[in-house]
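Order of the sequence lines sets the chain letters (A, B, ...), proteins ahead of strands, with each chain counted from 1. No experiment lies behind these values; they were computed from the predicted model shown.
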Amino acid sequence: MNYWLIKSEPFKYSFDQLLKDKKTFWEGVRNYQARNNLRAMKKGDLLLFYHSNEGKEVVGIAKVAGEAYQDPTTDDTNWVVVDVAPVKKLKNPVTLAMVKADKRLAQMALVTSMRLSVQPVKREEFDLILELAGEQ
DNA sequence: GCCAACGTTGGC
DNA sequence: GCCAACGTTGGC
């Protein structure tokens, strides 16, 4: 089981929208590193859902509902999407400021590779985020 | 809206 | 294959 963090601008696709849709395919990734992370995802992997720009916070947990396949929105075979389903909304969103303020999370890609839109998360980091969210 | 960081493109 | 130019992302 692996853990990941995916970013979305809330006005483009928010976690609430995902809760409403029950399932979506994660499209629009046009960065090789992010793409490679998508390809590495396995069904059942857990995802932190981060809102960039507005909010700048982790708002929910989602999971990989289906592994990478050709992005249906383009003919370019370089790009893939994965199926994503909501798990739960966090009681208290974890803001970027909180993550940055916590020394234990200083190594998170969210801090070190700010612009990467699909990034791996360590199990300890995932647990810490849940702790900060008041989920455990 | 600005700008820093960073990834990609294209000329040489 | 280098690197300057350019475009995009995302925090502030």
Linking I/L/V/M/F/W/Y whenever any side-chain heavy atoms sit under 4.5 Å apart, do A:L116 and A:Y3 land together? no
Describe, as an angle rounded to 10 degrees, how the axis at the first end of the helix from B:dG1-C:dC12 to B:dC12-C:dG1 is tilted relative to the axis at the last end, five pairs per end. 10°
Under 30°, 30 to 60°, or over 60°: which ring-plane class applies to A:Y13 and A:W26, parallel, tilted or perpendicular? perpendicular
Taking side chain to side chain contact (heavy atoms under 4.5 Å, CB included) as the definition, give me every residue that meets it alongside A:D76, ordered by chain and number, with sequence neighbours left out. A:T74, A:N78, A:W79
Hits for side chain to side chain contact (heavy atoms under 4.5 Å, CB included) against A:N53, two or more places apart or cross-chain, chain-then-number order -> A:E9
Stretch residues 25-41 of chain A: residues that reach within less than 4.0 Å of DNA chain C through a heavy atom: none
Heavy atoms within less than 4.0 Å of DNA chain C: which residues of residues 104-116 of chain A have one? Give them sorted by number. A:M114, A:R115
What's the separation between atom [atom1] in [X] and atom [atom2] in [Y], rounded to the nearest 0.5 Å?
X      : Y      : atom1 : atom2 : result
A:E124 : A:E131 : CD    : CD    : 12.5 Å
A:F49  : A:E57  : CZ    : CD    : 12.0 Å
A:E135 : A:N92  : CD    : CG    : 7.5 Å

Are a donor atom and an acceptor atom from the side chains of A:D71 and A:T73 found within less than 3.5 Å of each other? yes
Any donor-acceptor N or O pair under 3.5 Å, side chains A:N37, A:Q33: no
Check against side-chain contact (heavy atoms from CB on, under 4.5 Å), A:V64 and A:K42: CA-CA 7 Å; A:V64 178; A:K42 295 270 183 279; over 6 Å; no
Under the salt bridge (Lys or Arg N to Asp or Glu O under 4.0 Å) rule, what do A:D83 and A:K43 come out as? Steps first, then yes or no, please. CA-CA 9 Å; A:D83 285 333; A:K43 193 172 177 179; over 6 Å; no
Would you say that more than 12 heavy atoms from the other residues, nucleotides or ligands in this model lie under 6.0 Å from the CZ of A:R30, or not? yes
Earliest and latest nucleotide of DNA chain B, 5' to 3', sitting under 4.0 Å from a non-hydrogen atom of chain A? B:dA5 to B:dT8
